[in-house]
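Side chains included, hydrogens not; waters and symmetry mates left out as well; all remaining heavy atoms used. Residue numbers begin at 1 in each chain, while the letters A, B, ... track the order of the sequences.
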2 protein chains.
Amino acid sequence: MENKEIDKKLESKNVKPTAMRTLVYKTLAETGKALSLADLEQRFEKVERSTIFRALKTFEENFIVHPVDDGSGSVKYAVCDDECTCNIHDLHVHFYCTRCGRTRCMKELPIPNIKLPEGYTYDNAQFIINGVCPRCD
Amino acid sequence: MENKEIDKKLESKNVKPTAMRTLVYKTLAETGKALSLADLEQRFEKVERSTIFRALKTFEENFIVHPVDDGSGSVKYAVCDDECTCNIHDLHVHFYCTRCGRTRCMKELPIPNIKLPEGYTYDNAQFIINGVCPRCD
DNA sequence: ATTAACTTTGCAATAGTGTTGCACTAACTT
DNA sequence: AAGTTAGTGCAACACTATTGCAAAGTTAAT
Ligand SMILES: [Mn+2]
Ligand SMILES: [Mn+2]
Ligand SMILES: [Zn+2]
Ligand SMILES: [Zn+2]
């Protein structure tokens, strides 16, 4: 993905593109899976943890990425679809491979609609499936 | 719940009842919601964190309690049903109230059956719904 | 261009959760 | 009773997440 393209994307979500942000976004977009702060930190030795952290937070607030808490101990982040506003209808299942630790967005599997008991209201959900991915099987 | 009853329960799951274990189990059973290590620690000042931690781990291994990772930052634990073996068919949805931080087992809502793409196998899942509970509404 | 105002980054420190080694004690076995 | 095993308390540690603050970079206004 072109840097220019990324910057347009960020701007369209009201986030000023900076070198660091573009780099973080690019990495997430290109690897195509959910990455944790530590994962990202490893991929570019030189960049400060807190800088990446703040980039992710900014992205999250502006629906550029969504967090995935896969139970591995660190929250991971994956790029959102263009139209995503991270509301309950945009959410999908995530798959966590217990062998390789990779976490994948199952965009083809929206989170099923749940009818809660009287009195409960909800606006968010996480549906994580743990198992073995084709690559590890 | 009687201590004797608890001890029988633990024994039936091959866990030797001790004062600490009985206490931890009793607390989880009586509060009827999922509690974290820190929650438990608070409830009985005198008991060591690591002791509670190990009790929970032992319980978990023997299907006496199940972990709930509700995204709050600490894993919580709730008592299992008698027949539970924590396999995919025993799992249910959990509700996390973002106002009060309480996490509740929705035992009436089993985790829906999901058809994954070819090549994926799974044996566990977490389905957390975030919203506001009746008490906080 | 120069200054002022605002934003982003790097660094260091901190809080919180989870986890383990080790020594001590309680419980169980023979 | 002596030996063996299991459970507990304490302290230390690893790791994730988060923040204050100062330095560097950007933008906007004179
Ligand atoms: Mn996703
Ligand atoms: Mn439950
Ligand atoms: Zn895998
Ligand atoms: Zn509530």
Of the listed dG9(D), dT19(D), dG18(C), the closest approach to the Phe53(B) side chain comes from dG18(C)
Protein-nucleotide distance (Ile52(B), atom CD1; dT17(C), atom P), rounded to Å:
13 Å
With no angle test and no hydrogens, is the base of dG10(C) tied to the side chain of Arg54(A) by a donor-acceptor pair under 3.5 Å?
yes
In whole angstrom, what separates Glu11(A)'s CD from dT26(D)'s C1'?
14 Å
Which one, dT9(C), dG9(D), dG18(C), comes nearest to the side chain of Met20(A)?
dT9(C)
Would you say the side-chain atoms of Thr121(B) and Asp137(A) include a donor-acceptor pair closer than 3.5 Å?
no
Whole angstrom is fine here: how far is it from CD in Glu41(B) over to C1' in dG16(C)?
11 Å
Provide, to the nearest angstrom, the distance between the CG atom belonging to Leu23(A) and the P atom belonging to dG10(C).
11 Å
Return the nearest nucleotide to the side chain of Val75(A); candidates are dC21(D), dG18(C), dA17(D).
dA17(D)
Pair Asp70(A), Thr103(A): side-chain N/O donor-acceptor within cut-off below 3.5 Å
yes
Less than 4.0 angstrom between a side-chain N/O of Thr18(B) and OP1 or OP2 of dG7(D), yes or no?
no
Select base, sugar-phosphate, or nothing to describe what Lys57(B) touches, counting heavy atoms under 4.0 Å on all strands.
sugar-phosphate
Lys16(B) atom NZ is separated from dT5(D) atom C1', nearest whole Å, by 8 Å
Provide, to the nearest angstrom, the distance between the CD atom belonging to Glu48(B) and the P atom belonging to dT8(D).
11 Å
Is Ser50(A) touching bases, backbone alone, or none of the nucleic acid, heavy atoms closer than 4.0 Å?
base
To the nearest angstrom, the CG-P distance between Leu37(A) and dA14(D) comes to 19 Å
Closest nucleotide of DNA chain D for Thr51(B) versus for Ser36(A): which of these residues is on the 5' side?
Thr51(B)
Regarding Arg21(B), tell me which of base, sugar-phosphate or nothing describes its non-hydrogen contacts under 4.0 Å with the strands shown.
sugar-phosphate
Roughly, in whole Å, what's the span from CD in Glu45(B) to P in dG9(D)?
14 Å
Taking the inter-plane angle between the rings of His66(A) and His94(A) on a 0 to 90° scale, is it parallel (under 30°), tilted (30 to 60°) or perpendicular (over 60°)?
tilted
Side chain proximity check, Lys76(A) to Tyr96(A), heavy atoms < 4.5 angstrom:
yes
Is the distance between the ring centroids of Phe95(A) and Tyr120(B) under 6.0 Å?
yes
